[in-house]
Undergrad: 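Questions regarding the structure given below will be posed in turn.
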Amino acid sequence: MRPLFGLLQMTFRELWAKKIVLGLFIISSLVLLAITFALNLNVVEGSLEGLRLFGQEAETPKDVPEGSPQMSLTSVVVAVEAVVAGAAYWVGILLSLFASSSLFSDLQAPGRIELLLSKPISRVQVVAGHVLGVWLAIGILTLYLMGGTWLIMSIKSGVWHFRFLLSILIVIGMFGVMYAAVMLMGVWTQSTALALIVSYGLIFVSMVLAGAGEIAPLLGTVGEPVFWGLYHVLPNFTEVTGIVTTLAKDGTVNSWYPLTSSLLFGGAVYTGTTYWFVKRDF
Amino acid sequence: MATAAISVSDLSKTYRTGLLGRSTVDALNGVSLEVEKGEIFGLLGPNGAGKTTLVKILLGLVHPTAGTAELFGTSARQPKARERIGFLPENHRFPGFLTAEQTLHLYGQLADVSGDVRQRRVPDLLDHVGLADRSDTKVKTFSKGMLQRLGLAQALLNDPDLLFLDEPTSGVDPVGRRAIRDLVLEMRDSGATVFLNSHLLSEVEKVCSQIAILRNGEVVRHGTIEELTAVERVYDLVTTPISESLLDTTGLEASPKDAPSAPELQVYRAHADNRPALNDILDQLRSADVEIESITPLRRSLEDYFIDVVDEGQPAS
């Protein structure tokens with residue numbers, strides 16, 4: 001266990017030594033400070049009586065027709081949490097991939113991989129320690145931002161919205177899925193740039209795949225099954241956004257398929273990457 | 001029978017290159033050798049001879065195409081085989097954001113060295129390699145020589161029974177080189193085995209008890225330096241002056257070696273086909289009242305020997 005822990009620690013420290021991760025941490029802290037001090041909720045007997053943002057009173061619409069939804073305490077909490085969850089999902093994951101994309105390629109650099117593999121540690125352990133280290137670092141950062149937001153909003157409002165916590169797991173899980181692509185390209189090409197291009201490319205493709213219902217029927221007898229094939233095989237990063245925001249809004253998720261198929265993609269790619277890493281010569 | 005530190009049998013490695021792996025390069029062709037415990041073993045060969053591939057197979061970095069490689073009787077493919085080894089690669093890279101001390105703790109952890117042992121050994125080793133005053137300095141600011149010394153400390157963290165050194169004196173100044181050489185000899189004295197891969201033949205000649213020369217992926221010579229560099233049946237004799245007639249009778253000739261410091265002594269070269277012929281020459285000298293100071297079998301330098309062996313493999317022009 002000691003070598004595995006050492007590897008985990010090395011990856012963790014290497015990631016935290018990167019300025020972009022420090023930047024993410026600072027931005028997350030600023031968001032949490034803003035939620036703590038700049039957003040004032042005036043809660044009286046469980047109802048929202050007033051809301052001040054940066055000292056300014058938030059105006060409630062005066063001509064709201066009777067029967068239309070009013071700005072409630074829950075809706076404010078949900079809105080703040082949904083914005084943070086959406087930002088953490090898109091901006092957070094894109095920046096985290098950028099920050100971590102060089103780690104696996106660097107690990108395999110001549111002069112470094114020799115030192116590592118000459119230790120009494122198996123190659124499977126090397127992959128496991130690396131992956132766990134990256135997940136742990138990004139997980140802590142995500143937990144800090146999203147968990148902190150949830151805690152602050154819950155304490156301030158008294159609205160404890162536990163389903164939001166699931167969205168934290170999904171953000172970490174989807175980072176893990178996209179990081180699998182980074183690792184595969186890392187073991188194949190040792191190129192950080194290519195690893196980043198492919199992972200971002202998959203996110204771009206997922207935007208197109210999100211419209212599968214409308215696009216696929218237009219592609220003819222050959223194109224349609226190919227498109228659906230890609231939809232089922234590749235990660236559905238864009239569609240999972242819907243699951244994250246639904247959970248953040250305390251709603252009911254209609255289909256978990258985009259998430260499960262993405263996780264299966266991640267699992268398959270991690271397995272393939274590990275096999276390749278074990279078999280290759282350095 | 002005691003298990004050898006390193007045992008390699010019929011080891012071959014073919015690299016596949018090109019987009020579809022259709023081109024092949026044979027790096028090793030049926031290499032077999034053994035390195036006994038407590039030896040300092042030198043692996044020599046020209047560039048592209050297969051030295052690096054052999055070392056990498058022994059360290060589990062490269063998978064052999066055929067044959068077996070064992071460290072202390074355990075297959076080199078098993079992580080367990082690497083429990084008792086230390087390794088200093090030629091161009092190693094440490095994470096630059098760590099200090100020297102943090103680096104040693106990290107690599108000690110990877111080598112499964114307990115925290116208690118690391119607390120004791122890390123300062124000792126930093127002191128031993130002359131980096132005690134740099135323990136808190138980030139590795140990215142280190143010179144090549146300092147990195148080499150830190151690499152050596154890293155290789156010694158687990159108190160290895162077998163130490164692999166790949167060009168250990170590369171980029172190191174003469175003082176550091178001497179320190180590394182002394183350290184290698186210390187390792188041998190403590191009973192450890194050292195496997196040295198170096199182009200600096202003068203260094204190899206000073207410390208190695210056994211060498212092997214690889215050429216085109218095959219072991220072409222293997223033995224002690226004395227055995228390999230001895231020129232067969234040629235001796236340098238240091239004696240009192242010998243008359244011209246006796247020189248003619250015995251077949252002795254003046255040696256190109258420098259004359260000894262004592263003015264009454266001269267150096268002669270004797271060619272004797274066998275031991276009786278050598279003794280016959282000595283008898284004739286003694287009968288003529290020539291006093292013999294010393295008899296030394298003639299040796300070539302390791303560098304001359306190495307170049308001859310490498311040249312043997314070159315196609316005739």
Side-chain angles (χ1 to χ4, degrees), chain A residues 1-22 99-100 102-130 132-134 137 187-190 274-282, chain B residues 13-16 27 52-53 55-65 71 74 76-98 102-103 105-115 118 138 140 147 151 154-155 157-158 160 162-164 166:
Chain A
M1 280 306 282
R2 195 179 288 122
L4 183 68
F5 184 70
L7 198 73
L8 194 147
Q9 199 185 5
M10 179 171 76
T11 311
F12 188 88
R13 290 172 78 162
E14 191 163 6
L15 193 54
W16 278 92
K18 292 195 178 285
K19 289 191 171 61
I20 192 163
V21 174
L22 188 67
S100 56
S102 64
L103 291 189
F104 199 55
S105 303
D106 285 354
L107 186 84
Q108 299 169 83
R112 203 161 153 202
I113 190 72
E114 289 92 337
L115 279 174
L116 187 59
L117 294 183
S118 65
K119 303 298 178 203
I121 180 167
S122 74
R123 294 191 186 195
V124 173
Q125 281 181 309
V126 170
V127 174
H130 176 80
L132 287 176
V134 172
V187 78
W188 187 10
T189 65
Q190 280 96 61
T274 307
Y275 179 79
W276 201 336
F277 186 77
V278 168
K279 288 291 172 191
R280 68 164 296 190
D281 292 329
F282 288 99
Chain B
K13 176 63 187 178
T14 302
Y15 288 108
R16 296 196 168 276
T52 303
T53 299
V55 171
K56 284 187 169 184
I57 289 175
L58 290 170
L59 292 164
L61 289 156
V62 165
H63 303 295
T65 310
L71 305 177
T74 305
R77 289 170 182 250
Q78 304 293 325
K80 189 176 163 39
R82 299 190 285 276
E83 280 175 0
R84 294 162 67 188
I85 70 160
F87 174 46
L88 172 65
E90 183 183 4
N91 293 311
H92 54 275
R93 272 180 53 193
F94 293 120
F97 57 89
L98 296 176
Q102 289 170 337
T103 300
H105 275 287
L106 177 67
Y107 281 90
Q109 247 181 312
L110 294 172
D112 208 9
V113 179
S114 72
R118 290 201 310 272
K138 290 239 165 100
K140 65 183 170 194
L147 281 173
Q154 168 276 142
L157 263 168
N158 59 339
L162 171 59
L163 183 63
F164 286 91
D166 194 359

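Residue numbers start from 1 in every chain, and the chains themselves are labelled A, B, ... in the order their sequence lines are given, proteins ahead of strands. Predicted model only: the values in this text are computed from it and were never measured.
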Undergrad: So which residue, Y107(B), Y15(B), F164(B), F94(B), ends up with the most heavy-atom pairs under 4.5 Å with chain A?
TA: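 Among the listed options, the one with the most contacts to chain A is Y107(B).
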Undergrad: Just by modelled atom types, is the L115(A) backbone N or O under 3.5 Å from a matching donor or acceptor in the R93(B) side chain?
TA: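 Checked: no pair found.
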Undergrad: Check H63(B) against V278(A) and note the closest heavy-atom contact, atom names and distance.
TA: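 Smallest interatomic distance, heavy atoms only, reads NE2-O, 2.9 Å.
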Undergrad: R112(A) versus P89(B): any side-chain heavy-atom pair under 4.5 Å?
TA: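 Sidechains of P89(B) and R112(A): no contact.
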Undergrad: Against chain B, label R280(A) side chain, backbone, both or neither, depending on which of its atoms sit under 4.5 Å from a heavy atom there.
TA: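 Looking at R280(A), just its backbone touches chain B.
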Undergrad: Measure L98(B) against the heavy atoms of chain A and call it side chain, backbone, both or neither at under 4.5 Å.
TA: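 Just the side chain, heavy atoms under 4.5 Å.
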Undergrad: Examine whether an atom of Q102(B) lies under 4.5 Å from a heavy atom of chain A, and if so say whether it belongs to the side chain, the backbone or both; otherwise answer neither.
TA: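 Interface part for Q102(B): side chain.
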Undergrad: Counting only heavy atoms closer than 4.5 Å, note whether D112(B) contacts chain A via side chain, backbone, both or neither.
TA: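 Contact with chain A involves both backbone and side-chain atoms of D112(B).
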Undergrad: Hey, could you give me the NZ/CG distance between K56(B) and L117(A), rounded to the nearest 0.5 Å?
TA: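 It is 10.0 Å, given to the nearest 0.5 Å.
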Undergrad: Are any non-hydrogen side-chain atoms of L7(A) and L110(B) less than 4.5 angstrom apart?
TA: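 In contact.
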Undergrad: Taking the side chain as everything from C-beta on, heavy atoms only, tell me whether K119(A) gets closer than 4.5 Å to N158(B).
TA: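 A side-chain contact is absent here, since even the closest heavy-atom pair is not under 4.5 Å.
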Undergrad: Tell me, for V124(A) versus chain B, whether the close heavy atoms (under 4.5 Å) come from the side chain, the backbone, both or neither.
TA: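 No part of it gets close to chain B.
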Undergrad: I need the residue from S114(B), G108(B), A81(B) with the largest number of non-hydrogen atom pairs under 4.5 Å to chain A.
TA: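 Looking at each option in turn, the highest pair count goes to S114(B).
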Undergrad: Name the region of K80(B), side chain, backbone, both or neither, that has any atom closer than 4.5 Å to a heavy atom of chain A.
TA: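 Neither; nothing under 4.5 Å.
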Undergrad: Looking at A111(B) and P120(A), what are the two nearest heavy atoms and their distance?
TA: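 Residues A111(B) and P120(A), closest heavy atoms: CA-CD, 3.8 Å.
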Undergrad: Of the listed residues (I57(B), L58(B), L59(B), V113(B)), which shares the most heavy-atom pairs with chain A below a 4.5 Å separation?
TA: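 Looking at each option in turn, the highest pair count goes to V113(B).
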Undergrad: What's the separation between atom CD1 in I121(A) and atom CD in E83(B), rounded to the nearest 0.5 Å?
TA: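 Reported value, rounded in 0.5 Å steps: 12.0 Å.
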Undergrad: Please determine whether the number of non-hydrogen atoms from other residues, nucleotides or ligands lying under 6.0 Å from atom CH2 of W16(A) exceeds 12.
TA: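 Count over threshold, so yes.
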Undergrad: Please check this pair: side chain of H92(B) against backbone of E114(A), looking for a donor-acceptor N/O pair closer than 3.5 Å.
TA: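 Absent.
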Undergrad: Counting only non-hydrogen atoms closer than 4.5 Å, does F97(B) touch chain A with its backbone (N, CA, C, O), its side chain (CB onward), both, or neither?
TA: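 Just its side chain gets close to chain A.
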Undergrad: Is chain A contacted by the side chain of L61(B), its backbone, both, or neither, given a heavy-atom distance below 4.5 Å?
TA: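 Both parts, backbone and side chain.
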Undergrad: Can you tell me how far CZ of R118(B) sits from CZ of R2(A), rounded to the nearest 0.5 angstrom?
TA: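 Here the interatomic distance stands at 7.0 Å.
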Undergrad: Is it the case that atom NZ in K18(A) sees more than 12 heavy atoms from other parts of the structure closer than 6.0 Å?
TA: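 Buried by this count: over 12 neighbours within 6.0 Å.
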